[in-house]
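Positions are given from 1, in the same order as the sequence printed here.
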Amino acid sequence: KKKEIIEDSVKTNHKARTALELLQSESRINISTITTSNHNNKKKYSKLHQQIVAFQHTTDTKCLHRKNAKAEALHRVKTVVRMLWPRALVLLYGSYVSNLSLPSSDIDVVINLPRDSQRGPLDEHNAVRATWQQMLAQRLEQCKWVEKVETYGKPMGQAVAIIRVVTKPLANNSCVKLDLSLQADRHNGVASSGMVLSLCSEHRSLRPLLLVLKQLLLRRGLQTSHTGGLCSYGLVLMLARFLQEQEPASWKTVGHDIL
């Protein structure tokens, strides 16, 4: 009977040893798998990070190439505006100011008129007062350096009326697009630019991620809000909110953030 008890004890111990060895073996396998997975993820994040940084560098280079053309277009627009309204202030806002623009991005311009200048004299043809939008659009259409002028009023879903100008090739044979608007109570473009700059300084991943997503929206034809797309400001707010929810330890690479 003692012999049977000893044999059962040996069998139980053997089973326990076997189970323990199995658990240890599985644990080693799991640890090895996790380590390999983490290593692969790091390589994946690192490669994606390098690609995003390279895209940002290419974008910056192309924007620099178009810098003179944009400066020339701004100068010409300011000249036309001040011919109509000498006391007008011409201010910039948006991605051009916050350094978040793509090479093909337009320049956002807001015109601050004295209140007594927001309506012009009687029109010679139809004897009605022309709005600032009509006056400026007509004057721009007469300029030889302008290729196309389009107007978007509030009925199109805009908070403010917009004049979109496309220039003919200027410096470095580059065409420039500008969106002109009038300062109004609902126009917060200039004020929002300061907040965007603050968000970019707070989140280092914001700018490269935004450039990548803006390029994606551009390829899908979804880069303008008045045609059903997403404007840059909306995209900035979405990205900033996402980055605010991330743990600081996860901000190691831009590739990690975008995945």
Side-chain angles (χ1 to χ4, degrees), residues 59-60 62-86 88-113 117-118 120 130-154 156-184 186-193 196 210-211 214-215 217-218 221-227 229-236:
T59 300
D60 290 343
K62 291 180 178 179
C63 286
L64 185 63
H65 178 73
R66 294 172 58 86
K67 182 177 179 180
N68 291 337
K70 291 187 175 183
E72 182 180 349
L74 282 171
H75 175 72
R76 290 173 183 264
V77 166
K78 288 180 180 179
T79 300
V80 173
V81 169
R82 286 171 181 157
M83 287 176 63
L84 289 171
W85 306 290
L89 294 177
V90 179
L91 305 174
L92 306 180
Y93 69 98
S95 59
Y96 183 76
V97 173
S98 53
N99 196 27
L100 296 174
S101 58
L102 296 173
S104 59
S105 295
D106 54 32
I107 303 175
D108 296 309
V109 180
V110 58
I111 303 167
N112 195 342
L113 298 180
S117 302
Q118 293 189 19
T131 65
W132 75 272
Q133 190 181 24
Q134 292 169 336
M135 292 173 63
L136 184 55
Q138 289 171 5
R139 183 61 62 91
L140 287 168
E141 287 172 347
Q142 297 170 4
C143 296
K144 295 181 179 179
W145 52 272
V146 172
E147 180 69 30
K148 183 170 62 173
V149 177
E150 296 176 324
T151 58
Y152 299 94
K154 293 181 183 180
M156 295 293 292
Q158 296 287 121
V160 294
I162 296 289
I163 299 177
R164 172 155 295 177
V165 181
V166 181
T167 73
K168 293 180 179 178
L170 300 176
N172 295 324
N173 203 34
S174 299
C175 299
V176 180
K177 293 181 292 185
L178 305 98
D179 279 357
L180 313 181
S181 57
L182 185 70
Q183 182 62 49
R186 297 182 62 189
H187 199 306
N188 301 310
V190 176
S192 64
S193 294
V196 171
L210 185 80
L211 293 177
K214 283 185 70 171
Q215 182 65 30
L217 290 175
L218 178 64
L222 297 171
Q223 75 279 14
T224 52
S225 58
H226 64 268
T227 57
L230 180 62
C231 66
S232 295
Y233 184 62
L235 190 57
V236 167

Minimum side-chain heavy-atom gap [X]-[Y] below 4.5 Å:
{"X": "N172", "Y": "R66", "result": "no"}
{"X": "L89", "Y": "I111", "result": "no"}
{"X": "L182", "Y": "L136", "result": "no"}
{"X": "W145", "Y": "V176", "result": "no"}
{"X": "L222", "Y": "L230", "result": "no"}
{"X": "R76", "Y": "T167", "result": "no"}
{"X": "D179", "Y": "R164", "result": "yes"}
{"X": "K62", "Y": "T59", "result": "no"}

Does any N or O in the side chain of K214 come within less than 3.5 Å of the main-chain N or O of L100, such that one atom is a donor and the other an acceptor?
yes
I need the minimum non-hydrogen distance between [X] and [Y], along with the two atoms involved.
{"X": "C175", "Y": "P169", "value": "SG-N, 3.6 Å"}
{"X": "L178", "Y": "D106", "value": "N-CB, 4.3 Å"}
{"X": "K70", "Y": "S101", "value": "NZ-OG, 4.4 Å"}
{"X": "S174", "Y": "H65", "value": "OG-CD2, 4.4 Å"}
{"X": "A69", "Y": "L170", "value": "O-CD1, 3.7 Å"}
{"X": "V149", "Y": "A137", "value": "CG1-CB, 4.0 Å"}

Residue among Y233, Y93, Y96 satisfying side chain to side chain contact (heavy atoms under 4.5 Å, CB included) with S193:
Y93
Distance from [X] atom [atom1] to [Y] atom [atom2], nearest 0.5 Å?
{"X": "R139", "Y": "Q134", "atom1": "CZ", "atom2": "CD", "value": "14.0 Å"}
{"X": "T79", "Y": "L74", "atom1": "OG1", "atom2": "CG", "value": "10.5 Å"}
{"X": "E141", "Y": "E150", "atom1": "CD", "atom2": "CD", "value": "10.5 Å"}
{"X": "I162", "Y": "L180", "atom1": "CD1", "atom2": "CG", "value": "8.0 Å"}
{"X": "K78", "Y": "L92", "atom1": "NZ", "atom2": "CG", "value": "5.5 Å"}
{"X": "L102", "Y": "C63", "atom1": "CG", "atom2": "SG", "value": "7.0 Å"}

